[in-house]
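First comes the structure, then the notes that go with it.
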2 protein chains.
Amino acid sequence: MTCLRVAIADDHAVVRTGFRRLLELEPNVTVVAEFGDCETAYTWLCANHADILVLDLSMPGRGGLETLRRLKARVPTLKILVFSMHGAPAMVSQAMQAGADGYLTKSSAPDALISAVLDLGAGGHPLSQEAAHALNEAGNDSQAPHLVLSPREFQVFTLLAQGLAVDEIAGRLCVSGKTVANYQTAIRQKTGLGNALEMFRYARTHALLE
Amino acid sequence: MTCLRVAIADDHAVVRTGFRRLLELEPNVTVVAEFGDCETAYTWLCANHADILVLDLSMPGRGGLETLRRLKARVPTLKILVFSMHGAPAMVSQAMQAGADGYLTKSSAPDALISAVLDLGAGGHPLSQEAAHALNEAGNDSQAPHLVLSPREFQVFTLLAQGLAVDEIAGRLCVSGKTVANYQTAIRQKTGLGNALEMFRYARTHALLE
DNA sequence: GAGAAAATCGGGAATTTTTCCTATGGAAGG
DNA sequence: CCTTCCATAGGAAAAATTCCCGATTTTCTC
């Protein structure tokens, strides 16, 4: 078996170095490049060969996901292991749909990184527990708000999720504040989302806000 | 010079391991403990001796800052080096006020960690460029919440910004719901942030949420 | 250190918001 | 036509918030 050529993209130098040391303990792995931003990573990987890219999605340059997509389109043979802070279902499923070959959360054990890289090298698709669970959740959300809420309720929901106050919404929809308050109650009951922040988070992770 | 006894608290096992490897390259440093959560760290450090704690503020157990305060109160001789994702002015100044002896952002060079630890051991107060700059900014930014809010108010603010309900916060802080409600009112008045979602947005754009 | 200033904590009362229940009119559908 | 669901709101009760206040404790200042 020949040596796996691994590249690391993470905006935190310390984290990169930590990874490098970790990975270099493995005899079949060489770290061939490190990148601190998306552009550099993209340029280098288009011009040079690597087997695996360990990619932190939360990178500056605004678009870890975008880079992932572009890289996969340009260099399809490159295996990409996403290594993210966030285990949110939406994030995981976005990343996998964008073409990631594996997904680890940063709460994984150090060994998990090594075995994930080796697994990838062998053609596997390693997912951390958390990521697998998240993917599962993302699949079967049968009680999405737009399904349990009436049209008007859903409209109020999106407004609430944007942080508008009850009376602002009433003004905007030209109805009584009382009515909006009543809708709010119904929405909370039907969705289980207790406050505007929860609604916002829900709406965001489910891409319900434009 | 005797060996510096260093402990590491970070919720990401991979990061801890990276630090350990980095620090152990230095002959005058021994890593004596690693912690994945605040409680464990606190308990251990009260019972055992360490010279320096490298502390990631964004830890579970809700309250990296709080742990920092408690540790400083209980074990004043312990030097604490905060090592955070965020270089936000507010964060830096809160941490320093809570008693941190040094502050590095994760974008620092790997070597910076080592030199910061050594500097701390020699009685210095290492700040990363970013942190120093942030502290400076914090001085001029007279509207920032951490300046208009008291420590306790700021703490409640971060909890509200995370979407916790008043009573949940009361339970977590072991005070009356009435007190938290009163804090909430003060926070809203002082910051002009009218609801949890606005607080969340503010906190996010200012990177105040670990 | 003594005194001043600020912070933490909560009670009480007034006010506002939210909930719950009810009701009317209209649209969709069998 | 009758049933059902939806949009709209009013009233009353319940809950949350605000405002005002006082008691301690901490922290800062001279």
Side-chain angles (χ1 to χ4, degrees), chain A residues 143-200, chain B residues 62-63 65-66 68-74 76 90 93-100 138-139 142-200:
Chain A
Q143 75 275 38
H146 37 296
L147 297 183
V148 297
L149 298 183
S150 76
R152 194 60 154 173
E153 284 169 346
F154 183 74
Q155 188 182 14
V156 173
F157 167 76
T158 62
L159 264 11
L160 285 171
Q162 284 169 52
L164 296 198
V166 167
D167 284 332
E168 288 172 328
I169 296 175
R172 185 171 296 192
L173 300 183
C174 295
V175 296
S176 151
K178 207 61 218 311
T179 302
V180 177
N182 285 332
Y183 277 130
Q184 178 183 221
T185 301
I187 292 166
R188 284 179 177 168
Q189 283 200 331
K190 288 184 178 179
T191 65
L193 270 15
N195 59 52
L197 186 42
E198 283 179 23
M199 290 184 203
F200 167 76
Chain B
R62 265 310 155 236
L65 267 184
E66 195 43 39
L68 172 48
R69 257 187 219 102
R70 281 163 57 208
L71 268 174
K72 264 294 171 180
R74 188 64 111 68
S93 107
Q94 283 281 328
M96 296 308 283
Q97 281 194 316
S142 52
Q143 297 294 68
H146 54 293
L147 291 184
V148 295
L149 299 183
S150 73
R152 193 60 152 176
E153 284 169 345
F154 182 77
Q155 188 182 16
V156 172
F157 167 76
T158 62
L159 264 11
L160 286 171
Q162 285 169 48
L164 295 195
V166 167
D167 284 334
E168 290 172 326
I169 296 175
R172 189 170 293 193
L173 300 183
C174 296
V175 296
S176 151
K178 203 65 216 310
T179 301
V180 177
N182 284 333
Y183 277 128
Q184 178 182 222
T185 301
I187 292 166
R188 283 179 177 167
Q189 283 203 329
K190 287 183 177 180
T191 65
L193 270 15
N195 59 52
L197 187 43
E198 282 180 24
M199 290 184 202
F200 168 76

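Just so it is clear: chains get the letters A, B, ... in the order the sequence lines come, proteins before strands, and each one is counted from 1.
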Might you point out which heavy atoms bring [X] and [Y] nearest each other, and give the distance in Å?
X         : Y         : answer
Ile169(A) : Val156(A) : CD1-O, 4.3 Å
Leu173(A) : Gln155(A) : CD2-NE2, 3.5 Å
Glu168(B) : Leu164(B) : OE1-CA, 3.3 Å
Gly194(B) : Arg188(B) : O-NE, 3.1 Å
Lys190(B) : Leu149(B) : CD-CD2, 3.8 Å

Round to the nearest Å and state the distance from [X] atom [atom1] to [N] atom [atom2].
X         : N       : atom1 : atom2 : answer
Gln155(A) : dA7(D)  : CD    : P     : 9 Å
Phe154(B) : dA7(C)  : CZ    : C1'   : 16 Å
Leu160(B) : dA16(D) : CG    : C1'   : 13 Å
Ile169(B) : dT17(D) : CD1   : C1'   : 14 Å
Arg188(A) : dA16(D) : CZ    : C1'   : 11 Å
Asn195(B) : dA16(D) : CG    : P     : 17 Å
Tyr183(A) : dT17(C) : OH    : C1'   : 19 Å
Leu173(A) : dA7(D)  : CG    : P     : 11 Å

Taking for each residue the nucleotide of DNA chain C bearing the nearest heavy atom, is the 5' side occupied by Val180(B) or by Asp167(A)? Val180(B)
Quick one: is Gln184(B) getting a side-chain N or O under 4.0 Å of the dT17(D) phosphate, OP1 or OP2? yes
Does dA9(D) have OP1 or OP2 sitting under 4.0 Å from an N or O in the side chain of Thr179(A)? yes
In terms of side-chain heavy atoms of Ser150(B), which of dT17(D), dC9(C), dA7(C) is nearest? dA7(C)
Out of dT8(D), dT18(D), dC9(C), which nucleotide sits closest to the side chain of Ala181(B)? dT18(D)
Please determine whether any donor N or O and acceptor N or O are separated by less than 3.5 Å between the side chain of Lys178(B) and the base of dT18(D). yes
Please state whether the base of dC9(C) and the side chain of Asn182(B) form at least one donor-acceptor pair under 3.5 Å? no
